[in-house]
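Lettering of chains follows the sequences in order, A, B, ..., and the numbering in each one begins at 1.
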Amino acid sequence: MSYDHQQIEKKWQNFWYTSNIFKANDDPNDKKEKMYILDMFPYPSGAGLHVGHPEGYTATDIISRYKRMNGYNVLHPMGWDAFGLPAENYAIKTKIHPDKSTHDNIKTFTKQIKSLGFSYDWDREIATCDADYYKWTQWWFLFLYKNGLAYKKQAPVNYCESCKTVLANEQVVDGKCERCKNDVLPKNLNQWFFKITDFIDDNDKTSGLLNGLEKIDWPESTKISQKNWIGRSEGINFKHKVKDLNIEFEVYDSVPQTFLAQTFVIIAPEHPMVKELVKGTEYEKKVMGFVDKVKHKKAIGRFNIENDMEGIFTGRYSENYMGTGRDLPIWVASFALMDYGTGIVGCSAHDERDFAFAKKYNIDLKPVMFPKDQLEAEKIKNLEYCYCKDPEGVMELPEKFKGRKWGEVRNDIINYIVEKDFGRKNINYKMRDWLVSRQRYWGAPIPIIYCESCGEVPVPEKDLPVLLPTDVDFMPTGESPLLKSKTFHDVKCPKCGSEKAKRESDTMDTFVCSSWYFWRFIDPRNLKEFAGKDLMKTWGNVDLYVGGAEHTVLHLLYARFFCKVLHKYGYIDYDEPFQKLRHQGMILGEDNEKMSKSRGNVINPDQIVEKFGADSLRLYEMFMGPFKDVKPWSSKSLEGIYRFLNRVWKLSENIPLDKGGLGDSLEQLRHFTIKKVTQDIENFDFNTAISQMMIYSNAMQDALNAPLIKGVGGIYLEDIETLTLLLSPFAPHITEEIWHEFLGNKETIQNTPWPKFDENKSQKKEIELVIQINGKLRGKLICSPDISKDDALKQAKELDEIKKYLDGHELKKEIFVHGKLVSLVI
RNA sequence: GCCGAAGUGGCGGAAUUGGUAGACGCGCACGACUCAAAAUCGUGUGGAGGCAACUCCAUGAGGGUUCGAUUCCCUCCUUCGGCACCA
């Protein structure tokens with residue numbers, strides 16, 4: 001009987017999916033320890049499943065099956081991140097309604113994913129575009145709204161003319177739309193925001209988005225990215241007063257050590273104060289003209305600090321700077337940012353940009369920190385280059401800190417500034433509040449009603465969901481398609497009953513839908529709550545979350561924010577949603593390039609499954625290399641894996657009736673293999689786990705061949721059983737078949753306990769002790785791993801190949817590493 | 001520019017509390033089986049030299065620490081990913 005993967009895989013998938021063996025047990029009295037293992041749910045694109053999807057899904061499936069075999073109650077669900085632009089763009093092109101194309105795509109994805117034999121609890125399947133899901137997305141909006149965490153404000157937003165939509169900052173790349181690559185223009189619109197910035201730092205109950213990172217098992221690089229994205233900085237807001245005008249303002253500086261070096265002030269062109277400064281003066285016309293010019297440049301996304309560092313003097317001064325008697329000229333500068341700090345900056349010789357700006361416009365500079373080296377210090381005095389942020393730099397001013405190092409005075413100077421009342425401590429973040437409004441159709445409607453007399457009114461919870469209307473035209477016009485619906489827009493005010501009320505016509509960013517889906521999996525059919533409190537308690541947070549590194553900041557930050565909100569309001573007792581996170585590396589085409597239709601290097605998983613089977617695909621993707629690394633596809637290596645499975649099949653088919661001739665010849669290797677595979681699964685080292693199973697099966701083949709050659713040997717049934725069990729999470733179909741057909745078991749292998757190893761038996765009885773002379777390998781000694789130093793040295797020196805090196809040389813040093821080597825220095 | 005990840009045979013990759021570099025797989029070569037091929041099985045396979053035993057070289061480059069470095073330290077180069085004026 002040969003290995004017929006098509007028949008075997010169909011057979012066992014049928015069995016698994018009809019017998020419900022992957023169902024997670026919700027019973028709180030279940031004795032088994034719970035384990036929530038989650039994949040980042042996919043966007044069901046029209047292109048179908050990509051070979052990148054099964055990489056992560058196989059890893060979580062291996063862990064899920066492995067954990068079940070170790071007695072855990074595993075929750076391993078799958079669903080669809082189904083709202084989003086592509087379906088809508090597809091509708092614009094083909095006139096096919098997004099609801100239809102999305103559900104068609106979901107069908108395809110489901111079929112493809114099921115063909116890979118993943119052990120999902122399919123009863124919990126969800127799709128974010130279904131009304132019984134987005135009803136709760138809307139609930140979330142109201143929940144945030146009621147707690148003051150959702151608010152509306154006029155804001156300049158990124159607007160893409162071509163996509164006719166507002167984009168989040170994150171969707172703008174190099175001033176261009178991430179999707180269509182066209183220029184992004186700013187436009188003022190009334191938009192909804194979520195107050196994510198309220199959760200950056202800890203509050204009295206909940207750890208913040210920064211400190212929360214300390215207690216979770218995530219890749220360090222991902223944590224660093226999130227920290228950089230948040231961009232927290234502590235500094236000082238300095239007090240300034242405009243000379244001859246009754247205007248006071250503040251200037252933020254996160255590096256306040258060199259504050260006395262400041263010789264001029266710059267203000268962002270968009271700042272409302274600019275107008276006041278120049279009003280009625282001879283400067284007014286020129287300055288306002290400059291402001292318009294810069295605004296335009298920024299609007300078309302052509303601003304570049306290298307080429308566009310420009311400024312203009314306002315004719316005004318900041319009076320008597322920090323009591324020094326100096327008045328600092330105030331300039332409008334193209335590179336001053338309106339939305340960071342106060343929009344006004346104090347400038348000095350100790351900042352690269354300020355320095356360049358001052359040089360360009362001949363503004364006075366006054367360094368207050370110098371290098372130790374006298375010659376270099378002289379250069380700084382002569383302003384030959386910009387000297388900044390050198391921890392070894394020696395302070396000159398303020399007088400009180402003269403001679404101290406820049407790197408050591410920060411806190412003292414901050415205290416000094418506060419004491420002298422020059423300014424106050426302040427914190428700034430690069431991250432802004434989360435803009436969630438989208439002028440799009442294929443998303444969850446924002447549940448707000450605008451009444452002529454009551455104003456902004458939240459939709460009462462009992463009226464949820466606010467259904468997406470079907471009578472719309474998707475063609476983009478710059479306004480939300482929902483405005484085109486006759487049935488949707490007009491509504492009675494829930495508060496006063498007035499007929500003169502209209503619905504909010506924007507939908508929510510799809511990241512809102514994906515910020516809470518992992519709770520819905522816990523209780524997916526609940527009609528009263530987004531998830532029941534008891535069940536949320538039973539399952540706790542996600543134990544293991546696996547997905548691509550492209551979600552390092554956005555999705556993972558937003559989901560953490562939602563979790564912190566739930567924690568703050570007492571819904572859950574944890575404040576981090578994903579305890580352990582791992583990213584899979586991208587799979588490249590055989591040509592080492594990113595897979596794309598245009599390059600023609602796309603591998604279709606369906607074809608692989610048909611020709612080599614799901615088990616081969618799964619095993620191959622895990623064997624390619626380290627899980628987190630980027631790695632190219634290789635059809636030949638895939639065939640190698642297929643051959644391996646065929647060898648395992650034949651090996652199992654030929655189980656000897658007799659238990660073998662030479663005793664338990666593979667005992668040590670068996671125990672070592674169990675140990676290695678177990679540890680490697682825990683560590684996500686799937687590639688080396690598979691190598692070890694190959695070594696084990698090769699050794700079994702050798703043992704089987706042995707009697708033919710020498711008349712001795714043979715393998716134990718236990719070896720076949722062990723290999724089958726170890727391989728089962730990786731290649732579940734073939735192992736299930738072997739388990740039943742060749743090994744005669746009646747129960748599914750999925751419920752069989754994971755093999756145990758004996759540490760002592762996993763150790764080699766005999767080792768090769770390496771003998772080095774002057775660090776070079778010169779000989780080997782076969783001995784027990786427990787050999788003593790004295791014995792090892794004595795025996796090593798007696799070896800012929802060692803003797804010849806030692807003769808006539810003085811022995812200077814002898815090194816012995818237990819169980820490893822002897823090193824002799826002559 | 002800043003941050004992050006990584007550079008090992010013909011290829012994917014193993015090996016790090018510093019201890020035999022190249023496990024495992026692919027590819028390739030030779031052999032067995034076959035009329036032949038495919039499949040399968042077996043043997044070999046980093047480079048240079050030598051009949052051989054063996055010797056030398058080799059983990060992006062150059063230094064350093066060490067009896068010993070792919071692993072630790074310094075300088076530099078390259079590739080990939082992310083962020084871009086955050087004062």
Side-chain angles (χ1 to χ4, degrees), chain A residues 2 170 173-175 219-225 227-229 231-233 235 251-256 262 266 298 303-306 308-309 333-337 339-348 350-354 388 428-431 549-550 552-553 583 585-586 588 590 592 594 620 623-626 628-641 643-644 646-647 650 685 687-696 698 701-702 705 709 767-780 801 812-826:
Chain A
S2 70
E170 301 85 350
V173 178
D174 289 333
E220 210 48 44
S221 57
T222 301
K223 292 184 183 181
I224 290 169
S225 289
K227 282 182 197 164
N228 291 343
W229 187 261
R232 183 185 198 274
S233 83
V251 152
Y252 178 69
D253 193 347
S254 69
V255 191
Q262 296 187 3
I266 59 171
K298 289 195 175 178
F303 185 80
N304 172 319
I305 187 156
E306 302 270 302
D308 300 314
M309 179 181 270
S334 58
F335 63 94
L337 294 171
D339 60 356
Y340 186 76
T342 62
I344 313 176
V345 189
C347 298
S348 79
H350 299 296
D351 178 278
E352 300 258 11
R353 287 157 313 167
D354 299 351
C388 62
N428 269 293
Y429 310 97
K430 289 185 194 174
M431 189 170 73
E550 68 273 19
T552 297
V553 279
H583 300 300
M586 208 192 337
L588 303 175
E590 296 214 60
N592 244 300
K594 207 168 171 175
Y620 170 61
F623 187 62
M624 289 174 86
K628 65 176 195 306
D629 285 9
V630 177
K631 39 210 176 278
W633 187 266
S634 161
S635 300
K636 285 291 181 187
S637 289
L638 172 73
E639 287 174 34
I641 285 290
R643 281 201 284 270
F644 167 66
N646 271 288
R647 282 198 296 271
K650 277 184 206 148
D685 292 327
N687 54 335
T688 49
I690 295 166
S691 294
Q692 186 58 40
M693 289 189 275
M694 288 173 169
I695 291 168
Y696 187 34
N698 287 347
Q701 187 61 54
D702 289 348
N705 291 345
I709 303 161
I767 58 156
E768 281 184 340
L769 197 71
V770 171
I771 320 294
Q772 290 182 348
I773 291 173
N774 287 354
K776 285 198 194 274
L777 173 70
R778 295 301 182 193
K780 287 171 185 174
E801 61 263 38
K812 283 187 184 157
K813 204 170 173 183
E814 294 171 337
I815 295 151
F816 173 74
V817 181
H818 184 79
K820 285 261 165 80
L821 59 60
V822 166
S823 185
L824 305 170
V825 185
I826 56 174

Can you pull every protein N or O that's under 3.5 Å from an N or O on nucleotides 19-21 of chain B?
| unit_1 | atom_1 | unit_2 | atom_2 | d |
| --- | --- | --- | --- | --- |
| B/rG19 | N2 | A/Gln772 | OE1 | 2.6 |
| B/rU20 | O2 | A/Lys780 | NZ | 2.8 |
| B/rU20 | N3 | A/Glu768 | OE1 | 3.4 |
| B/rU20 | O4 | A/Glu768 | OE1 | 3.4 |

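- A pairwise comparison of heavy atoms in A/Ser233 and A/Tyr340 identifies OG-OH, 3.1 Å as the closest pair.
- The side-chain hydrogen bond (donor to acceptor under 3.5 Å, both in side chains) contacts involving residues 771-780 of chain A comprise A/Arg778-A/Tyr805, where partners must be two or more places apart or lie in separate chains.
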For this session: Can you run through RNA chain B from 5' to 3' and write each base as (, ), [, ], | or . depending on how it pairs? Watson-Crick or G-U wobble, both distances under 3.5 Å.
Result: (((((((..(((......[....)))((((((.......))))))((((....))))..(((((..]....))))))))))))....

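- With sequence neighbours excluded, no residue satisfies ring-ring contact (aromatic ring centres under 6.0 Å, His included) with A/Phe623.
- Here A/Phe335 pairs with A/Phe357 under the ring-ring contact (aromatic ring centres under 6.0 Å, His included) rule; sequence neighbours left out.
- Among the atoms of the strands shown, only primed sugar atoms or phosphate atoms (P, OP1, OP2) are found under 4.0 Å from some heavy atom of A/Val255.
- Among the protein residues, A/Gly341 comes within range of no part of the nucleic acid, since none of its heavy atoms lies under 4.0 Å from any strand.
- Mapping A/Pro626 and A/Val825 onto RNA chain B by nearest heavy atom places A/Pro626 closer to the 5' end of the strand.
- A/Thr688 comes within contact range of the sugar-phosphate backbone alone, with a heavy-atom separation under 4.0 Å but no base atom that close.
- A/Asn592 CG to A/Ser634 OG: the interatomic distance, rounded to the nearest 0.5 Å, is 11.0 Å.
- A/Glu590 pairs by the side chain to side chain donor-acceptor pair (under 3.5 Å) definition with A/Ser635, not counting sequence neighbours.
- A search for salt bridge (charged side-chain N to carboxylate O under 4.0 Å, His left out) contacts involving A/Lys227 returns A/Glu214, not counting sequence neighbours.
- Closest to the A/Trp229 side chain, of the nucleotides B/rG27, B/rC24, B/rA84, is B/rA84.
- RNA chain B is contacted by both A/Ile695 and A/Ile773; A/Ile695 maps to the nucleotide lying nearer its 5′ end (nearest heavy atom per residue).
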Are there any protein N/O atoms within less than 3.5 Å of an N/O atom in nucleotides 37-40 of chain B, and if so, which ones and at what distance?
none

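- Taking the salt bridge (charged side-chain N to carboxylate O under 4.0 Å, His left out) definition, one finds that A/Asp629 meets it with nothing, sequence neighbours left out.
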For this session: Using a 4.0 Å cut-off on protein heavy atoms (strictly under), produce a 5'-to-3' string for nucleotides 3-12 of chain B with B for base contact, S for backbone-only sugar-phosphate contact, and - for none.
Result: SS-------B

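- With sequence neighbours left out, A/Asp351 forms a salt bridge (charged side-chain N to carboxylate O under 4.0 Å, His left out) with A/Arg353.
- The salt bridge (charged side-chain N to carboxylate O under 4.0 Å, His left out) test applied to A/Glu550 returns no partner, not counting sequence neighbours.
- A/Arg778 has no side-chain polar atom (N or O) that falls below the 4.0 Å cut-off from OP1 or OP2 of B/rC54.
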